[in-house]
Amino acid sequence: MQPYEKLLLENKAWAQEKKLKEPDYFERLAADQRPEFLWIGCSDSRVPADIIINAEPGVIFAHRNIANQVIATDFNCLSVIQYAVDVLKVGHVIVCGHYNCGGVRAALERQKPELTLVNKWLMHIKDVYRLHREEIESQPTEKQKADRLVELNVIEQVRNLSHMSIIQNAWKHDQRPTLHGWVYALHDGVLKQLIVLPPGSEIDVIYQQDDAQT
Ligand SMILES: [Zn+2]
């Protein structure tokens, strides 16, 4: 059997099992989605959002990219955020990074000539490193340096979210969403909270939208 054929078989078994437990399961899900959470995570195959928080389909609206970045010129991520915040009206946005992140570790190294696109994507993490170089370099081991950059990257991405007009408008008019930064440990499967920004949190003045100040 080809590996992809196993996926299709597993899907059939899963759908049958769900239907057996709850006959109208798919009809109910198909009718509408009202997720409470937007999840922005890493593409890493070991950090599947729904599984690590034991969530059923319908709970998490998700966007994943290399090293869970929120970049102001990334229309893909921005479209997901706009739809989640303005249409689905999620109450929470979670940025979730993970220790031993290949993207973050690569950002600490020289650029790889064969990975021209990935290099550009990782530039933003290099910027986070440069912003916090002293703190990161004060860590005793290479692993701890990379782990601290993982944490700081999550915190910076949460701040990036707060700089966006989509978030500032929702904070002003709807008192949501709360922004969260979490980090996941691959070795024990446990999440740790790093930062939480409730609606109306202080934002550096240069990122404030003019009419969001009132
Ligand atoms: Zn990763």
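The residues of the chain are indexed from 1 along the displayed sequence. All ligand and atom numbering here is 1-based and tracks the order in the structure. This structure is a prediction, so every number in the text was calculated from the model and none was measured.
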Taking atom types as modelled, is there a side-chain donor on E156 or H132 under 3.5 Å from an acceptor on the other?
yes
Using 30° and 60° as the class limits, which term best fits the ring planes of Y207 and H163: parallel, tilted or perpendicular?
parallel
Would you call D147 and K145 a salt bridge, using N to O less than 4.0 angstrom?
no
Mind checking whether L161 and I40 have side chains closer than 4.5 Å, heavy atoms only?
yes
May I ask you to decide whether E109 forms a salt bridge with K126, counting only side-chain N to carboxylate O separations under 4.0 Å?
no
Given a threshold of 2.8 Å, state how many protein N/O/S atoms are nearer than that to the Zn ion (ligand 1).
3
One thing to verify: whether E10 and K6 come together as a salt bridge, which I'm taking to mean a side-chain N less than 4.0 angstrom from a carboxylate O.
yes
